[in-house]
Student: 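Quick one: this structure, given as structure tokens, is what I'll be asking you about.
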Amino acid sequence: MLEERVMSATSAPGARLAAGGLVVVIAGIVSYFAAVMWLPSRPEIRNTALPNWLIVAAGAAMAAAGARRAITAPAGTRRRWLGPTLAGVDLALVAAFGWLLYVGSTVEHVPGPAIGAPAPDFALAAQDGRRVRLADFHGRPVLLVFYRGHW
Amino acid sequence: VSELQGLQLRKTEFDRRGCAVVGISSDDEEDAAGLARDAALSYPLLADPTLAAVDAYGLRHPHAGHDGRDIAHSASVLIDGAGIVRWTVVGDNFRVRPTPATVLAAVDALR
């Protein structure tokens, strides 16, 4: 029993720290999507993901420290590979999150309507079945929000 | 949906400026009505399943829907009382949208 405990203290150096980092990174990523879904009052989180990146960065630092502990452990330490492996998984998740936010969600640029041009009229059905035309709003400003729908 | 909900949360501030808010989606009428209900929108959410208005504004995004359908680019277009386009944001990244505060500042700048 005592021997086992000594063994566990000297095996898999840094793995617990790297695993903790993994949990923190996942929390950072999940909290981003939770904020997008349930915090419409905080659009800056959706746009910048700043608080989520701070959490992810903390998790990545934990993973890096865990990997470092494993690498600097004496040669022949049992399961020395575990900490760096977990840190690698961590790094992959961070990269995937970055890809999703800055690459996967970018679209081909289109100019949209020209500033200073007359806005094209339309006649479309609203949720109550009423037909709405742009001309209905003549004399007051209108914000049109094109929404992606269907995806 | 959070963009539409975010505008709903600041709806009274648009009202105070006399500015109407109108959503347009490439969903069919049933889907758009369901979305408007789920997001509790008090402003019109228009269904544009044929993309007639989306095309008129140059905002068709081909094959971008989950099932390969054409949908709209995310965009905000501010039109003044004379029917002139005065301010637009067309997203290069559909995750990033103008915040209601940014849009309200653009409405204030119309005067």
Side-chain angles (χ1 to χ4, degrees), chain A residues 32-49 100-151, chain B residues 2-7 9 14 18-27 29 31-33 36-37 44-48 52-54 56-59 61 64-66 69 71-81 83-86 88 90-97 99-100 103 107 110:
Chain A
Y32 174 72
F33 294 100
V36 169
M37 293 273 289
W38 295 304
L39 277 182
S41 59
R42 304 301 302 275
E44 68 282 359
I45 296 179
R46 179 193 64 208
N47 286 349
T48 66
L100 210 63
L101 295 193
Y102 305 110
V103 183
S105 53
T106 55
V107 297
E108 185 197 345
H109 178 77
V110 294
I115 306 289
D121 197 13
F122 50 77
L124 298 169
Q127 60 267 46
D128 54 6
R130 193 165 46 96
R131 271 194 114 56
V132 174
R133 303 175 63 99
L134 180 64
D136 297 343
F137 301 99
H138 191 79
R140 58 188 285 220
V142 186
L143 173 71
L144 297 183
V145 182
F146 288 87
Y147 179 73
R148 289 170 67 78
H150 262 131
W151 65 309
Chain B
S2 67
E3 183 186 21
L4 299 176
Q5 286 173 318
L7 289 168
L9 292 172
F14 284 92
C19 181
V21 178
V22 176
I24 298 180
S25 144
S26 51
D27 290 331
E29 291 179 23
D31 282 354
R37 194 170 48 240
L45 179 63
L46 310 183
D48 187 15
V54 171
Y57 284 79
L59 293 169
H61 191 189
H66 262 176
R69 295 175 55 115
I71 58 174
H73 277 282
S74 341
S76 304
V77 178
L78 186 61
I79 298 162
D80 68 15
I84 302 297
V85 175
R86 296 286 298 274
T88 67
V90 183
D92 292 340
N93 182 327
F94 58 73
R95 194 179 49 74
V96 179
R97 315 281 171 82
T99 65
V103 181
V107 175
L110 286 181

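Chain identifiers are assigned alphabetically (A, B, ...) following the order of the sequence lines, protein sequences preceding nucleic acid strands; residue numbering begins at 1 within each chain.
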Student: Looking only at heavy atoms, what is the nearest atom pair of B:A72 and A:R148, with distance?
Tutor: O-CG, 3.4 Å
Student: Are A:I115 and B:R86 close enough, and set up right, to give a side-chain contact (heavy atoms from CB on, under 4.5 Å), and what steps lead you there?
Tutor: CA-CA 5 Å; A:I115 306 289; B:R86 296 286 298 274; 5.6 Å; no
Student: Give the C-alpha distance, both sets of side-chain angles, the deciding distance and a yes or no for side-chain contact (heavy atoms from CB on, under 4.5 Å) between A:L143 and B:S76.
Tutor: CA-CA 7 Å; A:L143 173 71; B:S76 304; 4.2 Å; yes
Student: Could you tell me if A:T106 and B:N93 have a donor-acceptor pair between their side chains, going purely by distance under 3.5 Å?
Tutor: no
Student: State, to 0.1 Å, how close A:P113 and B:Y57 come at their nearest heavy-atom pair, and which atoms those are.
Tutor: CD-O, 3.3 Å
Student: Check each atom of B:E29 against the heavy atoms of chain A and say whether the ones under 4.5 Å are side chain, backbone, both or neither.
Tutor: side chain
Student: Measure the CZ-CG distance between A:F137 and B:D80 for me, rounded to the nearest 0.5 Å.
Tutor: 14.5 Å
Student: Under 3.5 Å, side chain of A:Y147 to main-chain N/O of B:L4, donor-acceptor pair present?
Tutor: no
Student: Give the intermediate values and the outcome of side-chain contact (heavy atoms from CB on, under 4.5 Å) for residues B:L7 and A:V145.
Tutor: CA-CA 10 Å; B:L7 289 168; A:V145 182; 3.4 Å; yes
Student: If you count heavy-atom pairs under 4.5 Å with chain A, which of B:A75, B:G83, B:P100, B:G23 comes out on top?
Tutor: B:A75
Student: Heavy-atom pairs under 4.5 Å with chain A - which of B:L78, B:L9, B:I79, B:V96 has more of them than the others?
Tutor: B:I79
Student: Give me the atom names and distance for the closest heavy-atom approach of A:A114 to B:V85.
Tutor: O-CB, 3.5 Å
Student: Pick whichever of A:V103, A:L100, A:L39, A:L144 has the most heavy-atom pairs under 4.5 Å with chain B.
Tutor: A:L144
Student: Ignoring hydrogens and angles, tell me if any N or O in the side chain of A:R140 forms a donor-acceptor pair with the backbone of B:G18 under 3.5 Å.
Tutor: yes
Student: If you tally heavy-atom pairs under 4.5 Å against chain A, which of B:L46, B:T88, B:V90 wins?
Tutor: B:L46
Student: How about A:R46 and B:S2: does a side-chain donor come under 3.5 Å of a side-chain acceptor?
Tutor: yes
Student: How close do A:P141 and B:L110 get, counting heavy atoms only, and between which atoms?
Tutor: CB-CD1, 3.7 Å
Student: Mark yes when over 12 heavy atoms from residues, nucleotides or ligands other than B:R95 sit less than 6.0 Å from its CZ; otherwise mark no.
Tutor: yes
Student: If we define contacts as heavy-atom pairs under 4.5 Å, which of B:V103, B:L59, B:V54 has the most with chain A?
Tutor: B:L59
Student: If only atom types and distance count, is the side chain of A:Q127 paired as donor or acceptor with the main-chain N or O of B:L45 below 3.5 Å?
Tutor: yes
Student: In Å and rounded to the nearest 0.5 Å, what is the NE2 to NE2 distance from B:H73 to A:H109?
Tutor: 9.0 Å
Student: What is the minimum heavy-atom distance between B:A53 and A:F122, and which atoms define it?
Tutor: CB-CB, 3.9 Å
Student: Is any side-chain heavy atom of B:I24 less than 4.5 Å from a side-chain heavy atom of A:L124?
Tutor: yes
Student: Under 4.5 Å heavy-atom distance to chain B, tell me which part of A:F146 shows up: side chain, backbone, both or neither.
Tutor: both
Student: How close do A:P40 and B:Q5 get, counting heavy atoms only, and between which atoms?
Tutor: CB-CB, 3.6 Å
Student: For each of A:P118, A:A125, A:A126, A:P43, tally heavy-atom pairs with chain B at distances under 4.5 Å, and name the one with the top tally.
Tutor: A:A125
Student: At a 4.5 Å cut-off on heavy atoms, which part of A:A135 comes close to chain B: side chain, backbone, both, or neither?
Tutor: neither
Student: If you tally heavy-atom pairs under 4.5 Å against chain A, which of B:A36, B:A52, B:A32, B:P44 wins?
Tutor: B:P44
